[in-house]
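What follows is one structure encoded as structure tokens, with my remarks underneath.
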There are 2 protein chains.
Amino acid sequence: MTEPTETTTHADPAPADAAVLVRDAVDADRAAALVGSCTVDYDGRASGHVDPGVRHVVRQPDGTLLVHGATGHRPLAWHAGDGDFTTTATADDRLVLRAESNTEELTVALDAVHALTVYDPDDADKDVQGTEADVVSRLLNDPDLVESGFTPLATERDTPAGPVDIYGRDANGRICVVEVKRSRVGPDAATQLDRYVRALREDLHTDSDIRGILVAPSVTQKCRDILLERGHDFSPFEA
Amino acid sequence: MTEPTETTTHADPAPADAAVLVRDAVDADRAAALVGSCTVDYDGRASGHVDPGVRHVVRQPDGTLLVHGATGHRPLAWHAGDGDFTTTATADDRLVLRAESNTEELTVALDAVHALTVYDPDDADKDVQGTEADVVSRLLNDPDLVESGFTPLATERDTPAGPVDIYGRDANGRICVVEVKRSRVGPDAATQLDRYVRALREDLHTDSDIRGILVAPSVTQKCRDILLERGHDFSPFEA
DNA sequence: CGTGCCAGGTGCCGT
DNA sequence: ACGGCACTTGGCACG
């Protein structure tokens, strides 16, 4: 159990003071959230720039640096929690936060810090339900949902093309490859299923006696076309 | 030009006070960032729960509600900026933030607010370079990078299977379908290319005289296998 | 508005 | 580390 630590907030700190506060937060494995006017520059796998404006900047104890704008739930820019992190109060009175790893770098240059909050976030276990794995479980509990008379034999069965969601037999004893999707799908799901079926046909030397079944709430027309063209089936499944 | 507004920070506000402050921020199209101990519950396309802990909660003027934990740059939970948003100070002295739309709902129940910052984020134009479109531009400027003697004829050419990145002819005058990827790719890219080639062959009634070329920094082995099996080529391209 | 596809995709789990 | 794939994928551009 770690010592509980106070959350502290600072209004309009001078850049030099903010630099020290952020640095102290980093050294203490704490988080620092800043609101301020800044520019953002990213360089790495791609490169990007954000023009000056008021943003929300967060440095987390895992080393993550991220910048939120006014819209959307995804950061405008970010840096993963590896590599170095430096805070600099520049001669022209700006606060520069810089996260730098082997391949990526992110620089946030604030010309004013309106608010700074230092806090101790807790690590979170989030559990999610309604995933594809949950759908597979339901299908295994009630295989008729896949198709009347369907018998599952294995999950994640390996093929040269990758693991098959559900491997089994239909009412007539034919081998079936079942690909499960939790939401409406497009062409990619049909080709994925097709790859598994082809790979298994080759692997088992049974040239065409293997069926492909795509289980999903719904499919787009192009997906349906591909399934038809390759001779596979679609079995609608509603969550 | 809007009136510049002060960023305000509040340390340890009582839930009832925080509720009013957040509500006022929402009404004024401002943003509110809270640090506090809370649980998080999401229900919609899937459902999820996060156990109690100190998190960073942000409500943006576009209506987005998001929750950051201690790690990673992606929120633990979020809600898009549509639908309703309510703030409630409960009888047992908690602050409940609830975003609700037709299909999704997110509830953040704080038992303590350690810090609350109200601010005015600016909308951001971020420009990114190094996208796939940039790679395509380079290839068009110097088609030999695709292949010696290659001549581009069109970009985003439509086929029944979708738009082709670059459509052109090789040194021998054969039609080529070029699929461009900005990073190392797996099987999906190979099947995507294959779909375009097949569709174009059928469309142009030239049964097999159409080549497929995948341009990417590198490919995985399975991707290479599929390309080989379907008779397509890989042309490495380094950013 | 649905369909298709890119994304600095990210994250998870397997070899 | 590399590979294959799901993800509340999100976001854009086009029919």
Side-chain angles (χ1 to χ4, degrees), chain A residues 42-48 64 66 71-80 101 103-106 126 128-136 156 158-165 179-190 192 195-196 218-226 239, chain B residues 40-48 64 66 71-81 99 101 103-106 126-136 156 158-165 179-190 192 195-196 218-224 226 239:
Chain A
Y42 151 75
D43 199 15
R45 285 165 290 181
S47 64
T64 302
L66 62 91
T71 62
H73 74 269
R74 286 175 29 148
L76 281 173
W78 69 94
H79 189 282
S101 61
T103 55
E104 317 253 354
E105 68 185 63
L106 177 64
K126 75 166 161 173
V128 185
Q129 289 186 345
T131 63
E132 184 189 291
D134 294 320
V135 177
V136 170
E156 302 296 317
D158 270 326
T159 74
V164 169
D165 282 341
E179 174 62 29
V180 180
K181 298 294 179 187
R182 66 178 301 281
S183 56
R184 183 173 175 85
V185 290
D188 50 336
Q192 187 188 354
R195 278 193 293 116
Y196 296 155
S218 60
V219 295
T220 66
Q221 187 56 49
K222 274 204 179 79
C223 177
R224 194 179 291 271
D225 293 344
I226 296 170
Chain B
V40 180
D41 286 278
Y42 153 74
D43 198 14
R45 285 165 290 181
S47 63
T64 302
L66 61 93
T71 62
H73 74 269
R74 286 177 33 142
L76 281 173
W78 69 94
H79 189 282
S101 61
T103 55
E104 317 252 355
E105 67 185 65
L106 176 63
K126 76 166 160 173
D127 72 315
V128 185
Q129 291 187 344
T131 62
E132 183 190 291
D134 293 320
V135 177
V136 169
E156 302 296 318
D158 270 326
T159 74
V164 169
D165 283 341
E179 175 62 28
V180 180
K181 297 294 179 188
R182 67 177 303 282
S183 55
R184 182 174 177 84
V185 290
D188 50 336
Q192 187 188 354
R195 279 194 291 116
Y196 295 156
S218 60
V219 296
T220 67
Q221 187 56 48
K222 275 206 178 78
C223 176
R224 194 180 290 273
I226 296 170

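Only heavy atoms go into these numbers, but all of them, side chains included; no hydrogens, no water, no symmetry mates. Numbered from 1 within each chain, the chains take letters A, B, ... in sequence-line order.
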Query raised in the report: Just to confirm, is there a sub-4.0 Å distance from OP1 or OP2 of C:dG4 to any side-chain nitrogen or oxygen of A:T220?
Result: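 Checking C:dG4 against A:T220, a side-chain N or O does come within under 4.0 Å of OP1 or OP2.
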
Requested in this report: Can you measure from OG (A:S183) to CD (A:E132) and round to the nearest 0.5 angstrom?
Outcome: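 Taking OG in A:S183 and CD in A:E132, the distance rounds to 9.5 Å.
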
**Report entry** Straight-line distance of A:H73 NE2 to B:L66 CG, nearest 0.5 Å
**Finding:**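 Answer rounded to 0.5 Å: 8.5 Å.
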
Query raised in the report: Taking the side chain from A:R182 and the backbone from A:V135, do they hold a donor-acceptor pair closer than 3.5 Å?
Result: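 Checked: no pair found.
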
Starting at [atom1] of [X] and ending at [atom2] of [N], how long is that distance when rounded to a whole Å?
X	N	atom1	atom2	value
A:Q221	C:dC1	CD	C1'	17 Å
B:E156	C:dC5	CD	P	10 Å
B:Q129	C:dG8	CD	C1'	13 Å

Query raised in the report: So with a 6.0 Å cut-off around CD of B:E156, is the heavy-atom count from everything else above 12?
Result: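 Atom CD in B:E156 is crowded, with more than 12 foreign heavy atoms closer than 6.0 Å.
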
**Report entry** Letter per nucleotide, 5' to 3', of nucleotides 5-13 of chain D [B base touched, S only sugar-phosphate touched, - untouched; heavy atoms, 4.0 Å]
**Finding:** SSSBSS---

Report task. Examine the side chains of B:D188 and B:Q192 and answer whether a donor and an acceptor come within less than 3.5 Å of each other. Result ->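 Side chains of B:D188 and B:Q192: no pair found under 3.5 Å.
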
Report task. Step by step, work out the side chain to side chain contact (heavy atoms under 4.5 Å, CB included) result for A:T103 and A:R45. Result -> CA-CA 7 Å; A:T103 55; A:R45 285 165 290 181; 5.9 Å; no

Query raised in the report: Quantified in whole Å, what is the P atom distance between nucleotide D:dG4 and nucleotide C:dG8?
Result: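 One P to the other, the span is 23 Å.
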
Query - C:dC5 and D:dT8, which share atom name P, separated by this distance in whole Å - result: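 Rounded to whole Å, the distance is 22 Å.
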
Query raised in the report: What's the shortest heavy-atom distance between A:C223 and A:P187, and which atoms?
Result: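 Heavy-atom minimum between the residues: CB-N, 4.1 Å.
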
Query - Heavy-atom pair of closest approach, residues B:I226 and A:R195 - result: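 For B:I226 versus A:R195, the nearest heavy atoms are CD1-CD, 3.5 Å.
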
Report summary line: Pairs under 3.5 Å (Watson-Crick or G-U), crossing ones as [ ], inter-strand ones as |: DNA chain D comes out as |||||||.|||||||

